[in-house]
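Following: one structure in structure tokens, then a few remarks.
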Amino acid sequence: MSAKGNMIEKPQSIHMANQEKEAIEEKIRQYRFIFEQAIDAIALVNKDGAFIDMNEAACRLFRASKEKLLQKHFQDYLHLVPEHIFQFQKQMLHKFGSYDDELVIRLADGETKHVQLFMRRHPSFDLYIIRDISSKKVLERERSINETLFKDLFNRAGDSIIIFDARGRFIDANPSFCASVNANKEELCKLSIQTFIPIEYHHLFEQLLLMLKRTGTVSSELPFILADGMQKLFEMTLTANVHSGFFMAIMRDVTEKRNMEMNLQRSEERFRAIFEQAHEAIFICDDFGNILRANPAASRTFELPLHDLVRANLMQFIDAKDEKVRRVLRQFFRDGEIRDELTFHMPNGERKQLEFTSKKGVINGYHLTIFRNVSERKKMEKELREQEQKFRSIFNHAMDGMMLIDDEQRIFDANPVACRIFALKKEQLIGKRVHAFIETNHLKHFQTWLSEAGEEEFVMVDGKGKQRIVELSFKRNVIEHVGLMMVRDITEKKEMEERLRKSDTLNVVGQLAAGIAHEIRNPMTALKGFIQLLQGSMSHESETYHMYFEVITSELKRIESIITEFLVLAKPQATHYEKNDVAKVMQETVDLLSVQATMHNIQIEATYEPVPPVYCDSKQLKQVFINMLKNAIEVMPKGGTITVSVQHVDEGVRIAIRDQGCGIPKEKIKKIGEPFYTTKERGTGLGLMVSYKIIEEHRGRIDIESEVGVGTTFYITLPATNDM
């Protein structure tokens with residue numbers, strides 16, 4: 001009976017054992033599924049740190065297959081963790097049975113990752129749960145950087161920045177604002193913005209707050225009254241909910257800017273007064289000779305009502321077939337300026353001999369021409385020639401100088417003729433008193449004449465110490481507190497009259513040569529040569545003078561570069577147009593300037609799309625690219641990246657050059673390319689002016705996009721046609 005019972009119990013035990021085995025295996029499969037599907041990387045390592053097993057997340061983390069990881073140790077990825085740190089972690093694990101920490105691991109491809117390591121001890125292995133927190137670290141670092149940058153920007157910004165609540169009470173203010181209102185931060189936090197705003201503007205400020213709450217941002221201008229009673233005008237941009245529901249205002253003192261605008265308006269009024277009251281006829285014309293504007297004197301000179309004159313063409317008053325007329329026109333369009341005289345045919349049939357001076361593109365791209373009727377002078381010269389037979393006019397090309405002076409006789413504006421008469425540059429002449437140039441013996445008479453005005457002759461001493469006889473005429477209060485003085489150099493006239501009195505047979509030919517002598521390079525070459533000789537002769541002596549030679553040489557090179565840029569505008573350039581690949585020209589330019597960029601810690605990143613060939617002069621285009629890339633390098637003293645791209649657009653080919661400099665304010669962008677306008681301390685403004693001229697000759701255009709504090713992008717668009 002017992003044997004039979006044992007036989008019955010044995011199959012039951014086997015069945016139960018099989019059930020338990022299946023349950024255990026099912027449990028193992030469940031744990032294995034959880035192990036493999038876990039989001040965090042899980043690895044089992046032995047006491048030596050060798051991998052025993054790991055899930056798929058661990059393979060993805062370490063970027064290796066399970067077979068390769070089973071041949072590795074965990075320490076193989078801890079090159080960036082000091083050995084004593086890892087040993088300390090293992091000691092903590094064996095001491096407490098678990099330990100958590102953050103580590104930096106380096107993968108086989110060299111990439112580093114920040115991970116959070118959870119270690120758990122087991123009698124036969126150690127369990128490592130590894131979580132990738134690299135993104136979290138990046139976000140924490142960026143947040144820290146952003147907070148630091150905001151604080152640094154807030155405290156260092158040149159513009160005033162304030163934080164305030166919905167009632168206008170100050171929460172915080174940066175040093176620039178404190179300095180602007182002459183108050184410290186502690187005092188401001190007890191006040192509100194309305195404290196500084198005049199009462200009549202409180203309603204406007206309340207409207208701004210309502211609009212700010214509705215739209216989130218608003219801009220306006222408001223006056224602020226300081227503690228000392230002084231009033232300043234601020235341009236402000238308000239932003240809502242910048243932090244904890246508070247508002248922020250970025251403010252800029254535009255008091256001086258508004259004053260400058262008023263002065264500019266006064267200057268325009270002065271120009272208008274001179275234009276309208278000038279004795280000479282003044283025309284503003286386009287390239288085809290169409291008269292766009294004329295003054296009353298022009299109406300009198302050309303015997304036409306002003307409204308008919310501004311609809312006329314200058315060419316209808318002259319004989320276009322005359323050889324002299326053709327020569328004058330060729331010279332004007334070649335040199336950009338001309339001084340001569342021609343016979344003009346008036347509508348009433350009268351012929352007038354007019355002396356004129358013309359300058360190309362001086363007023364918004366249009367040409368300015370000033371005429372003087374010299375018919376009477378010609379008549380007098382004819383009479384003198386008949387009487388003296390060989391006498392010729394000494395005033396063939398004489399023009400008057402004009403100066404604006406204040407009530408204290410200080411010169412605050414002068415035209416180029418006046419500058420030539422006084423032998424001084426305009427900036428040297430402005431601010432000086434007129435009587436400083438009058439010869440000492442004539443000073444008393446000059447002071448008396450000023451009170452009486454009219455016309456008078458005086459002996460003056462110009463800026464070079466040379467005596468000149470000038471004829472002055474003065475009109476007081478052309479506009480309020482401004483007098484107009486006309487200056488006519490009659491030195492040659494006086495000398496010729498003296499010669500005529502001494503001899504009846506004297507033959508004088510007076511010619512005024514037009515043009516600019518390009519001889520400045522000859523003395524410069526001599527200077528450079530002798531400086532090199534001098535430097536060579538002192539090579540064995542002290543190094544004290546080495547810096548001096550470098551400064552002299554660099555300044556001579558700077559003068560030579562300025563002359564070169566100026567000559568590009570002053571004389572016609574030989575151009576050779578042919579089809580070229582703009583991308584190739586740009587790449588050659590980038591290669592040329594890459595060393596200079598690297599020296600300034602600047603990277604030039606260039607991308608080129610397939611573009612059609614452009615009919616151009618590759619040397620001139622390269623000059624434009626060099627000018628703009630050099631400008632980009634110079635505006636990035638702290639380094640950065642210059643991005644260059646060449647793209648095919650509907651209009652042809654567009655080249656973009658983007659820098660990471662300080663940017664250009666909007667009000668200054670429109671002045672870029674004007675003669676001698678520059679934002680650089682030692683710049684001349686000629687580089688971009690030359691670039692604009694070259695691109696214009698290629699029938700292209702230059703556009704500018706800029707954001708202050710971000711950078712500037714120059715877009716050059718060239719046509720892909722071949723009808724040059």
Side-chain angles (χ1 to χ4, degrees), residues 156-162 164 168 170 173-183 188 191-209 211-212 215 217-239 247-275 363-364 404 406-408 410-413 426-427 430-431 477-482 662-672 674 676-681 685 704 706-709:
R156 295 176 180 271
D159 291 338
S160 300
I161 304 176
I162 58 174
F164 59 96
F170 288 102
N174 72 340
S176 294
F177 181 80
C178 295
S180 296
V181 299
N182 299 323
L188 289 175
L191 304 173
S192 66
I193 299 177
Q194 292 89 327
T195 308
F196 297 93
I197 299 176
I199 296 176
E200 59 268 25
Y201 288 92
H202 281 193
H203 181 63
L204 174 59
F205 181 69
E206 291 173 359
Q207 288 181 331
L208 291 176
L209 286 181
M211 190 180 302
L212 177 62
T215 63
T217 181
V218 66
S219 299
S220 184
E221 289 186 358
L222 280 176
F224 273 50
I225 299 178
L226 310 186
D228 58 3
M230 180 180 176
Q231 182 167 308
K232 289 186 177 182
L233 183 64
F234 283 92
E235 184 179 70
M236 57 197 310
T237 300
L238 293 82
T239 306
F247 307 112
M248 180 175 71
I250 302 176
M251 308 166 60
R252 177 173 295 176
D253 186 355
V254 294
T255 308
E256 185 176 353
K257 176 183 176 183
R258 294 293 176 261
N259 291 336
M260 290 177 64
E261 290 174 351
M262 292 177 61
N263 291 334
L264 178 61
Q265 183 179 359
R266 292 194 188 102
S267 177
E268 291 175 349
E269 291 173 355
R270 295 180 195 127
F271 171 77
R272 193 178 301 110
I274 295 172
F275 183 83
I363 300 180
N364 297 328
L404 295 176
D406 60 19
D407 293 338
E408 297 181 0
R410 282 193 297 262
I411 302 168
F412 63 86
D413 202 0
K426 186 175 180 179
E427 54 268 22
I430 291 175
N477 289 329
V478 175
I479 57 177
E480 188 177 3
H481 303 301
V482 176
C662 58
I664 306 171
K666 291 183 178 179
E667 64 272 13
K668 294 184 178 181
I669 290 179
K670 60 183 178 181
K671 297 182 179 180
I672 299 297
E674 291 183 2
F676 307 107
Y677 180 79
T678 180
T679 58
K680 296 184 290 188
E681 182 179 352
I704 304 175
S706 184
E707 184 176 351
V708 176

Original post:
Any sub-3.5 Å donor-acceptor pair from Asn174's side-chain atoms to Asp159's backbone N or O?
Top reply: yes
**OP:** Answer yes or no: is there a donor N or O on one side and an acceptor on the other, between the side chain of Thr215 and the main chain of Met211, under 3.5 Å?
**Re:** yes
Rounded to the nearest 0.5 Å, what's the gap from [atom1] on [X] to [atom2] on [Y]? Could you check?
X      : Y      : atom1 : atom2 : value
Asn182 : Met230 : CG    : CE    : 8.5 Å
Arg252 : Lys257 : CZ    : NZ    : 8.0 Å
Asn263 : Glu256 : CG    : CD    : 10.0 Å
Ile162 : Ser176 : CD1   : OG    : 12.5 Å
Asp253 : Glu235 : CG    : CD    : 10.5 Å
Leu209 : Ile193 : CG    : CD1   : 7.0 Å

Original post:
Is the Phe224 ring parallel, tilted or perpendicular to the Phe196 ring (thresholds 30°, 60°)?
Top reply: parallel
Original post:
Phe164 vs Phe205 aromatic rings, parallel, tilted or perpendicular, using cut-offs 30° and 60°?
Top reply: tilted
Show the nearest heavy-atom pair for residues [X] and [Y], with the distance to one decimal.
X      : Y      : result
Phe177 : Ser160 : CA-OG, 3.3 Å
Pro198 : Gln231 : CG-OE1, 4.4 Å
Ala249 : Met236 : CB-CE, 4.2 Å
His202 : Ile197 : NE2-O, 2.9 Å
Lys232 : Ser180 : NZ-O, 3.3 Å
Ser706 : Ile664 : OG-N, 2.6 Å

Heavy-atom check, side chain of [X] versus side chain of [Y], under 4.5 Å:
X      : Y      : answer
Leu233 : Glu221 : yes
Met248 : Ile161 : yes
Phe234 : Val254 : no
Ile411 : Leu404 : no
Val181 : Leu188 : yes

**OP:** Mind running side chain to side chain donor-acceptor pair (under 3.5 Å) on His203 and Gln207 for me, showing each step along the way?
**Re:** CA-CA 6 Å; His203 181 63; Gln207 288 181 331; 3.1 Å; yes
